[in-house]
Q: 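If you scroll down you'll find the structure; I have some questions about it.
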Amino acid sequence: MTLVRTRPTTRRRSLAVVSLAVVLGASVLTACASGGSGSGDASAEPLSLEGSWTLVSGSGPDGEITPVDGAAITLMVDGEGAVSGKDGCNNIVSTVTVDGDAVTFAPIASTRMACEQPIMDVATAYGSALGAVTTGDLDGEQLVLTGPDIELTYDQA
């Protein structure tokens, strides 16, 4: 009787090739599922709102949102999505979620300070607009948040 021995190295190589194919296939599927275009464009970075921003112009469903001199409107977003800032009169806090270019703010809480009526009007319009933002884009060093009848443009502070 003749004993036939198979070479363990051949099996190991075959297993290694199959394993590599599985890993590569999983990588391709992950890239596709996460929105990868497969075009190799490494320059496209995901939207990040992280930083300090100052509103320079805006419009909402109720019209123009023009900051009053001496009553800056600011937005600060940390790496965890915590939001703080000023609406021109009051301090605001919230959280934000970014998925691709989709932007969703949680309900915005604010202090209840009394300011002059023009500042209060701007603060109210800004709070309504910010709460209805649905998308964002970075245009150079400007952040542009948009939604239905909304456009808020910020400079990096």
Side-chain angles (χ1 to χ4, degrees), residues 18-157:
V18 169
S19 297
L20 180 60
V22 168
V23 168
L24 289 174
S27 296
V28 168
L29 287 175
T30 300
C32 290
S34 66
S37 65
S39 66
D41 182 10
S43 66
E45 292 184 28
L47 177 64
S48 172
L49 304 184
E50 187 175 351
S52 295
W53 307 95
T54 302
L55 187 75
V56 292
S57 66
S59 61
D62 299 326
E64 293 298 311
I65 301 170
T66 305
V68 176
D69 286 341
I73 297 174
T74 61
L75 184 70
M76 289 158 278
V77 182
D78 74 9
E80 304 290 316
V83 175
S84 62
K86 284 195 73 84
D87 64 8
C89 178
N90 292 290
N91 295 318
I92 61 170
V93 294
S94 183
T95 58
V96 66
T97 304
V98 178
D99 184 13
D101 70 345
V103 176
T104 306
F105 285 91
I108 298 163
S110 71
T111 56
R112 294 179 175 236
M113 305 213 12
C115 296
E116 295 177 16
Q117 197 58 50
I119 296 172
M120 290 298 296
D121 292 343
V122 171
T124 300
Y126 174 70
S128 295
L130 187 61
V133 162
T134 57
T135 59
D137 186 35
L138 287 174
D139 184 11
E141 292 202 11
Q142 285 193 318
L143 170 65
V144 180
L145 300 177
T146 57
D149 298 321
I150 296 164
E151 184 171 302
L152 302 171
T153 303
Y154 301 83
D155 279 344
Q156 199 162 29

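Worth knowing before you read on, the calculation uses all heavy atoms, side chains too, and leaves out hydrogens, waters and symmetry mates. In this chain, residues are counted from 1 in sequence order.
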Q: Which atoms form the tightest heavy-atom contact between Gly127 and Ile108, and what is the distance?
A: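 Smallest interatomic distance, heavy atoms only, reads O-CD1, 4.1 Å.
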Q: Is there a donor-acceptor pair under 3.5 Å between the side chain of Ser94 and the backbone N or O of Ala106?
A: yes
Q: Check the pair Val122, Ile65 against side-chain contact (heavy atoms from CB on, under 4.5 Å), reporting the backbone distance first and the verdict last.
A: CA-CA 6 Å; Val122 171; Ile65 301 170; 4.0 Å; yes
Q: Taking distance alone, no hydrogens or angles, what donor-acceptor pairs closer than 3.5 Å link side-chain atoms of residues 47-63 to residues at least two apart or in another chain?
A:
unit_1	atom_1	unit_2	atom_2	d
Ser48	OG	Glu50	N	3.3
Trp53	NE1	Leu49	O	2.8

Q: Kindly compute the distance separating CG (Asp87) from OG (Ser128), expressed to the nearest 0.5 Å.
A: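 That separation rounds to 10.5 Å.
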Q: Using the side-chain hydrogen bond (donor to acceptor under 3.5 Å, both in side chains) criterion, which residues pair with Gln117? Sequence neighbours excluded.
A: Asp121
Q: Under 3.5 Å, which donor-acceptor pairs do the side chains of residues 150-157 form with other protein atoms, sequence neighbours left out?
A:
unit_1	atom_1	unit_2	atom_2	d
Tyr154	OH	Tyr126	OH	2.7
Asp155	OD1	Gln142	NE2	2.9

Q: Under the side-chain contact (heavy atoms from CB on, under 4.5 Å) rule, what do Val96 and Thr104 come out as? Steps first, then yes or no, please.
A: CA-CA 6 Å; Val96 66; Thr104 306; 6.0 Å; no
Q: Applying side-chain hydrogen bond (donor to acceptor under 3.5 Å, both in side chains), can you list everything that pairs with Thr146, at least two apart in sequence or on another chain?
A: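 For Thr146, the residues satisfying side-chain hydrogen bond (donor to acceptor under 3.5 Å, both in side chains) (neighbours in sequence not counted) are Thr135.
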Q: In chain order, what residues pass the side-chain hydrogen bond (donor to acceptor under 3.5 Å, both in side chains) check against Thr111, with sequence neighbours excluded?
A: Asn90
Q: Kindly determine whether Thr97 and Phe105 satisfy side-chain contact (heavy atoms from CB on, under 4.5 Å), including the steps that lead there.
A: CA-CA 6 Å; Thr97 304; Phe105 285 91; over 6 Å; no
Q: List the atom pairs, with distances to 0.1 Å, where a side-chain N or O of residues 72-83 and a protein N or O form a donor-acceptor pair under 3.5 Å, not counting sequence neighbours.
A:
unit_1	atom_1	unit_2	atom_2	d
Thr74	OG1	Lys86	N	3.1
Asp78	OD1	Glu80	N	2.8
Asp78	OD1	Gly81	N	3.0
Asp78	OD1	Ala82	N	2.9

Q: To the nearest 0.5 Å, tell me how far Met113 CE sits from Cys89 SG.
A: 6.0 Å
